[in-house]
Every structure is written in structure tokens, then in C-alpha cells.
Amino acid sequence: MPVMKGLLAPQNTFLDTIATRFDGTHSNFILANAQVSKGFPIVYCSDGFCELTGFARTEVMQQSCSCKFLYGPETSEHIILHVDSAFEERSEFKEEIMFYKKIGSVFWCLLDIVPIKNEKGDVVLFLASFKDVTDTKCHREKVKGGSPPFGSTRLRSSTVLYHISGHLHNRQKQSKIKLNKNVFGDPPALPEYKVADAKKSKFILLHFSTFKAGWDWLILLATFYVAVTVPYNVCFIGDQDLTRSTTVTDIAVEILFIIDIVFSFRTTYVSKSGQVIFDARQICIHYMTTWFIIDLVAALPFDLLYAFKVSVVHLLKTVRLLRLLRLLQKMDRYSQHSTVVLTLLMSMFALLAHWMACIWYIIGKKEVESNSPEIGWLHELSKRLESPYEGVSMEVVNRTLSSGPSLRSIYIAALYFTLSSLTSVGFGNVSANTDAEKIFSICTMLIGALMHALVFGNVTAIIQRMYSRWSSYHTRTKDLKDFIRVHHLPQSLKQRMLEYFQTTWSVNNGIDSNELLKDFPDELRSDIAMHLNKEILELSVFSSLSRGCLRSLSLHIKTSFCAPGEYLLRQGDALQALFFVCSGSMEVLKDSMVLAILGKGDLIGANMSVDDRVIKTNADVKALTYCDLQCINLRGLYEVLDLYPEYSHRFVQDITHDLTYNLREGQESYVRHHITIVILEFLVHLFVCGCHIQDLSIIPHLSTKSAVLTIIAWGSFP
């Protein structure tokens, strides 16, 4: 049966790998482009780095990875030369250095630089971690005659980058190398900046594989076998027959259930976000918290109790009926076709009739054992078959064919009665005579009426109601495949179209929010839109807008999705929207070089102008992983600003500072012009105050003082 596979496209998870391997103590790091020889611009900085230094991400992006905006009067020139040399030679470097925060305060930092290579072996990125060791430094200076400063701190920071880079620094002593190997084992492979398939552990089964589908059908048949034989053995066989012919089959089913538990610990599953989970640990946790207990109870080897002459084995085995609950989990697999749905419903109806036939026999059996007047249904059946009960005990009845009807005849008659009662077409040849039998018959007819109302009378409505969206999904999928076939689209384009459709369907479940909300009043639609888009509306760039302006703007925000390897924008395209990254990571490319790496919370777009509303992009934006985006339509944004002109000028100014990366074509010339003005303002201020060029504490009102210091220090712009 077809089953939803989940999201399987290869992803570039480099950023996620780096971020997750840093814990809260070592979350201060930056990534820089190693392919741009001039300055090695920063393409990503962590939140911890921003908190440590006091600079915002927009102030750090595209700065030199040597972080000269952190330099000050007491920063060692000797160490600065070594840092520059390490970047030029693309080698590892680790040293303590004094840096200055944005507010001007000093802190000691353990700087560790590691080059990152791609699959071709070329260095494409620099990873630099920053460890605040000010407290350790101050403590060390108070202690006299101790070991060299920062020994333990260096080792701790080294172990962090050891996890990430897989390198043991050559300058470490042999004893430290041995210690690291003993603690961490073999060093992990160097993380590469590349698109790679999802990693999976050994012996992992794909939940959509042909083998797993066949195995699930086998387990389904075994479950129905248990649901049929366990009630039959409890009611008809009893505990007297310990050498049944079905013992071997029961043991085989128990073995199947045990093997299924083992397989479940090694079978992938689809997470709530739609991605396939291959990690063995996550699979185990997911299974342990869902179906493990039920599967374990159903797989207990109760048949081994026969060796100890236990008399309640059949009753204990009734707990295996809990295995039927597993059908609820797999209903989406077994119910994608109406014929399968109808077959399952009929099977459940027949199974219910089987269970009630077993109960009907128990009632007749109790009537015979009680030596009541011979009016019970078993007595009537024995008279018709000319096999009367001759006052023998019930044990003899079960074991001797000459003392009453055979078990085969009794079961067929009981099943005949329950089916005719459930379907309300009874003929009266098997009827209820005693009070207990009549009460059971009344319950059977009530259940039969309920089954008619819920199943048979509304089977078409049930299928349409429960699977209408699945039907729509398959219809649209068929239309999409027919479109691909008619227009002879290539395989690569076909795969991209199908994956995009499946992913967007998993996100919105085929619900068109615009179509759904179009009949609602504007007031209500605005409140709904503000709730759905509250994450992007909480950005600082929108803080100055009134609530009425935000409500109007929220109606122009749409949700988008981008799969790994897909281009969100191409260089030279007309920018149609501002994009906010809700999840995932993207990269900004120009001439195959990485200019920036964007993650959750980043804003992509261009500085705006009320007059020049045509914006051409200066780079490509490509998804590295599955990305959820929120898009503000520029045409709608301009319409809102025209309605609220009092906020227009302020918004145009603020958007420039809040963009993580500016995609406007010709932005480089604009930056040079803007920085030239700032430099002139800076120099005039120095001339008036008569201060040293590196004393930034005298100009706290300049928001770009870090950029000024950077430009003066290393001459980024001619």
C-alpha cells in the first residue's frame, strides 16, 4: 500500500551541526568566507557572539573575520599579526587576546580558529570560537607561582572544537593528545560544507520500503489470527486441552510479535514537521513513548506457562487483543482506497460476530451446567441434531462427541445466530429461550442497530468524510503527474515539483487559507493574520508602526516554503517581497562564492525607496535545508505605507539596519558613499575634540563607530 515517505531531499546541515554541537557555554562563534581573500567577510555569527560583544548581527555581517572592530589600544599587535597570518595561510590558530566590547569595556578572550573544507578539500569557511576567560585571567593573576595561565580553559575550549573539527592541534603535548583520545574516542570526521543525504545508522529499515510494507501485512494477518483464536480457545477449548494443534502456530505468532518489536526499534518514522527521522536514538525514544508497552504485553510468551500446568493461560492471552489498537496507527496506510476500507469494516463486523458467538456459547454452556429445564439453545440444538445431553458433566460434553453436538456444529450455530441477530434477519430456528439468552439477544440487536447506523447505512458518507482530503490529495497528485507526462518534463524537474507539492501539502494539509478566510469580515481576518504572522511582526523594524498599520500589513504576509537546493531568488531578478526565515538555513551566493549564511530569525530583502520601487537583486539566495519563510509582498507594503505616510520615512530608514543581508543591486556603491560620509563626520569630531583616532568612547552617539574603526584599521574600502 502507498504510504507518505516524508521529506528525503539531501540537505546542507552544516550550520545546524555547528550550532547544536556548541552548548550554552561555547555558543560564541562566527563563520567567515575563506574564498574572498580580501578581509574574509563574516557570513554568519551566533547569538552568543552578539551577546558577548554587544554588537547586533547586522553590524557584524560582512565585517572582516579577524574582528578588528573588537580591537582597542591594549590589543596585542603581535597576536594581531599571527591572526592575520593564520587566515592567509588557512591554518589553525588558538591564542588569548584582549578584545573590546561595543560599550568600550575590556574582556579577555580565548580565540580558536579552524578552517572548514568542502567535499573537494578546498577551504571554504573559517570557524572562529570566542571563549570569555576574563574571570580566569583575573584569578590567575592573583595566584603566584602557578602553572601557565589558562591551561584548563585552553584544554576545555580545545575539546569543544575537537568535537566540531575532529582535529587534534599539533601544538598540544602528547599527554594531552592521549587524554583527549581516551575521553572522546576516535575523533569524528571534519564537518564539510556540502549538500549531503541524511545520515542513518546501520540496519535502519525505511518505513516506506517494500519489505516493511509486506511485513506490516504479515503482522496484520497475525493480529487477526490472535483476535479470532484467543476468544475461541477461552470459550470453546478451555484449560483442559493443553496439547492443542494450534500451539505451534501460537508460538510462531509470538515470535513474529517479538521480531516486530525489534524491527520497530530500527524503523524510520515521519516527524511532525514532515521529515524522516533516521537517528536510532530518536527512533527508540519515539517508539518507547508510543506503542512499546502495548506491543510488549501482546508479545509475552504465555504458551510457556503450559509447561507449568497453569490453568488460566487462555485468559491471560486475552491481553493480546490490545494489539488491535495498532490498527489505528496504520489506518492511513490501509485506508487510502475505498475497497480496503470496506474490507476492513466487513472484517471488523465479522470479528464482532465471532466474539459474540463465543459469548453465546458460554451462556448456553452455563445453562447446561446448572441442570435447568432443558429449554436452552444448546438443548434445542442437540434435539434437532439428535445428539442429546444425557446428564453428563460439562467436561464430558467438551471431550465426548456422543454426548451432545460437536464443537464444530455448536460454533457454526452460534455464529449463525449472532450474524442473523446483528443483521436483523433472524429466522428463529436458533432462538433465545432462557432469560439470560434473551438479555444477550437484546444486547446483540442493539449492537446490530448501531452497526447498521454507523457502518452499513453510512459507509459512503464515512469514506467521503474521513478521506475526502486524501481523495483531493490523490486527485491533485494525479493531475500533477498527468501534466508532467503531457509536457515531457525532465526527471529532475519532475522530482522538484512532486516534492514541493508534497511538502506544502504536509504543511497546510491542502487548506487554502485565503479561500477559507475570504468570507470573514476584514476586522476578524486582520486579527487572524496578526496571530499567524506575529513572529515577523515582532521585529524591531515594525516597532514604530501603529496597530492599525500592522493590521493592514498583516494581510499582505504570506507563508512560503523552500526545499534544499532550490533557489529563492536569482541574481538580477526583480525583488517582489521581503523574506523572513522562520526555520531552516539558506546561503547567499555570488559567482559561486558564499556571501552570507542565513538562519532562523534573519530578514532578507533590500533597502527601500519611496521613489525607486524597482529593486534588482545582486546575488542568489539558495536553501540549504527545508526552510519555512514568511513573505511580505512589496506591492502591498508600499500600499500600506502610502496609507500611513507618517510611518513611511521612519520605516525606510529602519529597514536598512534590520536587514541581515541587503540584496539591492549596486548596494556596494551605496555603502561606500554612506561610509565616506560617516568617516568625514568622524574625522571632524576628532579634529574638534583633539582626541586619538582609536578613542571611541568619546563618540557614543555614533551608531557606526565599529564600522569606522574597521575601515580606518584595515582599509576595507578604497
Side-chain angles (χ1 to χ4, degrees), residues 14-16 18-20 22 24 26-33 36 39-71 99-103 107 109 111 125-130 132 535-543 568 578-589 594-607 618-619 621 623-625 627-630 632 653-664 667 671 674-675 678 702-711 716:
F14 173 80
L15 184 60
D16 296 335
I18 295 297
T20 54
F22 276 119
H26 302 283
S27 60
N28 315 322
F29 68 95
I30 61 173
L31 296 173
N33 188 350
V36 179
F40 303 113
I42 297 173
V43 297
Y44 181 83
C45 67
S46 67
D47 294 335
F49 178 83
C50 296
E51 294 176 2
L52 175 65
T53 61
F55 288 93
R57 180 176 293 181
T58 53
E59 297 176 299
V60 176
M61 296 290 285
Q62 301 302 307
Q63 297 281 2
S64 171
C65 66
S66 58
C67 298
K68 296 183 179 180
F69 54 89
L70 299 177
Y71 293 173
F99 281 145
Y100 287 76
K101 297 183 179 180
K102 184 177 181 179
I103 59 176
F107 70 99
C109 177
L111 176 63
L125 293 173
F126 287 114
L127 170 64
S129 72
F130 298 79
D132 188 356
E535 188 174 2
I536 186 174
L537 293 177
E538 289 175 354
L539 294 177
S540 59
V541 68
F542 302 113
S543 59
L568 180 65
L578 300 178
F579 299 93
F580 177 76
V581 183
C582 299
S583 64
S585 56
M586 315 184 81
E587 62 181 355
V588 181
L589 300 171
V594 179
L595 301 182
I597 299 177
L598 309 173
K600 180 180 180 180
D602 286 334
L603 187 64
I604 318 166
N607 58 304
N618 59 11
V621 180
L624 299 176
T625 62
C627 298
D628 292 322
L629 307 168
Q630 286 183 316
I632 305 178
Q653 287 183 331
D654 291 345
I655 190 66
T656 304
H657 303 295
D658 285 77
L659 288 173
T660 306
Y661 191 86
N662 198 329
L663 292 170
R664 179 182 283 273
Q667 175 64 15
V671 171
H674 176 70
I675 291 179
V678 174
L702 287 179
S703 61
T704 55
K705 61 182 180 182
S706 61
V708 172
L709 178 59
T710 303
I711 295 164
S716 174

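Everything quoted here is computed from the prediction, not taken from an experiment.
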message = Checking V594 against L589 for the side-chain contact (heavy atoms from CB on, under 4.5 Å) test, could you report, in this order, the C-alpha distance in whole Å, the side-chain angles of both residues, the deciding distance, and whether it holds?
response = CA-CA 5 Å; V594 179; L589 300 171; 3.8 Å; yes
request  = Tell me, with the steps shown, if V588 and I604 meet side-chain contact (heavy atoms from CB on, under 4.5 Å).
outcome  = CA-CA 10 Å; V588 181; I604 318 166; 5.6 Å; no
key: Derivation and outcome, side-chain contact (heavy atoms from CB on, under 4.5 Å), residues C67 and I30   = CA-CA 10 Å; C67 298; I30 61 173; 3.6 Å; yes
ask   = Given the rule in the side-chain contact (heavy atoms from CB on, under 4.5 Å) test, do L629 and F580 qualify, once you have shown the distances and angles that lead to the verdict?
value = CA-CA 6 Å; L629 307 168; F580 177 76; over 6 Å; no
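Listed for the D628 side chain is no donor-acceptor partner under 3.5 Å among the backbone atoms of C582. Formation of a donor-acceptor pair under 3.5 Å by the T660 side chain with backbone atoms of L603 is found in this model. Under the 3.5 Å distance criterion, the side-chain polar atoms of T58 are left unmatched by any main-chain donor or acceptor of D658.
For the pair I42 and F49, the minimum side-chain heavy-atom distance is 4.5 Å or more. Within the 4.5 Å cutoff, no side-chain heavy atoms of F130 are placed close to those of T53. The shortest side-chain heavy-atom distance between M61 and Y661 does not fall under the 4.5 Å cut-off. Counting heavy atoms from C-beta outward, F99 and Y71 have side chains that approach closer than 4.5 Å.
In this structure, CD in E587 is found 9.5 Å from CG in L595, a value given to the nearest 0.5 Å. The distance from the CD1 atom of I632 to the CZ atom of F542 is 3.5 Å, given to the nearest 0.5 Å. Remark: K101 NZ to L70 CG distance equals 10.5 Å, nearest 0.5 Å. Atom CG of N28 sits about 10.0 Å away from atom CG of D47, to the nearest 0.5 Å.
Remark: A32 pairs with C65, F126 by the side chain to side chain contact (heavy atoms under 4.5 Å, CB included) rule, at least two apart or across chains. With sequence neighbours excluded, the residues satisfying side chain to side chain contact (heavy atoms under 4.5 Å, CB included) with Q653 are H649. Under the salt bridge (charged side-chain N to carboxylate O under 4.0 Å, His left out) criterion, D602 pairs with R57, not counting sequence neighbours.
Summarising the geometry of L659 relative to G605, their closest heavy-atom pair is CD2-N, 3.7 Å, with the distance given to 0.1 Å. Pairing each heavy atom of N662 with each of A606, the nearest pair is OD1-CA, 3.1 Å.
Between F29 and Y44, the ring-plane angle classifies as tilted under the 30° and 60° cut-offs.
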